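Computed from a predicted structure; not experimentally measured. We number each residue from 1, following the sequence as shown.
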Amino acid sequence: MASRGIVGLFLLSALPLLCLELRRGIPDLEEEENNEKRQKLVRKKQQEAQSEKASRYIENVLKPHQEMKLRKLEERFYQMTGETWKLSNGHKLGVLGLPEEPPETAEEIVTVALRCPSGSVLRRRFLKSCSSRVLLDWMMKIGYHTSRYSLSTSFPRRPLEVEGGWSLQDTGITMDTVLIVEEKEQSN
């Protein structure tokens, strides 16, 4: 029995030390809440920093890149349409007055093919009595402005004479013809 008493006394004297060790091992609830709050605050600051970086990236990189692309497209458009477009009020694309294409079975028609600098070949039918200016209107409608491009015959290669009152027949287009869209020499 005495040994039980010694063991009991030993346990009673060790109990405060045991409680102290247990208390050190168990985190304080307040401390845990403080840690969660700090983590949330850190996450929020990181998200704000990321959104600030993203907005700076958009402002400093993406917007200038998009503006540069737009400027290049405008420059290409002005190159194709010429300075007259830039200086005038212009007209809407596709509004040029082209006559309706006659049916294949109509009499006195001619098929004209335009060989473009891009390599594409476009064909269209016209009445032989149409004004020769319609060829220039067609060329402008497909994107080749007369200030930068001209039409020439394929063989023998010579500039096509397009006068105001002349018909296609008057300019020598009496049968199916291939015309070449050429870039004019730029004079400085």
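- Among residues two or more places apart in sequence or in another chain, the salt bridge (charged side-chain N to carboxylate O under 4.0 Å, His left out) test is passed with Glu67 by none.
- Partners of Arg38 by side-chain contact (heavy atoms from CB on, under 4.5 Å), not counting sequence neighbours, listed by chain and number: Asn34, Asn35.
- Here Pro103 pairs with Thr105, Ala106 under the side-chain contact (heavy atoms from CB on, under 4.5 Å) rule; sequence neighbours left out.
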Could you walk me through whether Thr146 and Leu151 pass side-chain contact (heavy atoms from CB on, under 4.5 Å), step by step? CA-CA 9 Å; Thr146 55; Leu151 288 174; over 6 Å; no
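- Residues Glu104 and Ile109 share a closest heavy-atom pair of O-CD1, 3.6 Å.
- The closest side-chain heavy-atom distance from Ile142 to Cys116 is below 4.5 Å.
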Please set out all donor-acceptor pairs under 3.5 angstrom arising from side-chain atoms of residues 118-129, sequence neighbours excluded.
{"from": "Ser118", "atom 1": "OG", "to": "Ser120", "atom 2": "OG", "distance (Å)": "3.2"}
{"from": "Arg124", "atom 1": "NH2", "to": "Pro99", "atom 2": "O", "distance (Å)": "2.6"}
{"from": "Arg125", "atom 1": "NE", "to": "Pro102", "atom 2": "O", "distance (Å)": "2.8"}
{"from": "Arg125", "atom 1": "NH2", "to": "Pro102", "atom 2": "O", "distance (Å)": "3.2"}
{"from": "Lys128", "atom 1": "NZ", "to": "Thr174", "atom 2": "O", "distance (Å)": "3.0"}

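- Rounded to the nearest 0.5 Å, atoms CZ (Arg133) and CE (Met139) are 9.5 Å apart.
- Counting non-hydrogen atoms of neighbouring residues, nucleotides and ligands closer than 6.0 angstrom, the CE atom of Met68 exceeds 12 such neighbours.
- In plain terms, the two heavy atoms of Cys130 and Val134 that are nearest each other are CB-CG1, 4.2 Å.
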Step by step, work out the salt bridge (charged side-chain N to carboxylate O under 4.0 Å, His left out) result for Glu182 and Arg115. CA-CA 9 Å; Glu182 294 179 309; Arg115 184 173 297 141; over 6 Å; no
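- With sequence neighbours excluded, the residues that form a side-chain hydrogen bond (donor to acceptor under 3.5 Å, both in side chains) with Ser167 are Asp170.
- Looking at Thr171 and Ser132, their side chains come closer than 4.5 Å, going by heavy atoms from C-beta outward.
- The two atoms that bring Ser150 and Lys184 nearest to each other are CB-CE, 3.9 Å, heavy atoms only.
- Cluster partners of Leu73, using a side-chain heavy-atom cutoff of under 4.5 Å among ILVMFWY residues and allowing indirect links: none.
- Using a 4.5 Å heavy-atom threshold, the side chains of Thr153 and Ile180 count as separate.
- Other residues sharing the hydrophobic cluster of Val178, ordered by chain and number and joined by side-chain separations under 4.5 Å: none, the residue standing alone.
- Residues Lys53 and Arg56 are in side-chain contact: their nearest non-hydrogen atoms beyond the backbone lie under 4.5 Å apart.
- No side-chain heavy atom of Trp138 sits under 4.5 Å from any side-chain heavy atom of Leu136.
- Pairs of residues two or more places apart, or lying in two chains, never qualify as salt bridge (Lys or Arg N to Asp or Glu O under 4.0 Å) while including a residue from residues 39-49.
- Judged purely by atom type and a 3.5 angstrom limit, Asp176 uses its side chain to pair as donor or acceptor with the backbone of Thr111.
- Counting heavy atoms from C-beta outward, Pro117 and Tyr149 have side chains that approach closer than 4.5 Å.
- Pairs of residues two or more places apart, or lying in two chains, never qualify as ring-ring contact (aromatic ring centres under 6.0 Å, His included) while including a residue from residues 32-65.
- Between the CD1 atom of Ile173 and the CG atom of Leu160 there is a distance of 5.0 Å, given to the nearest 0.5 Å.
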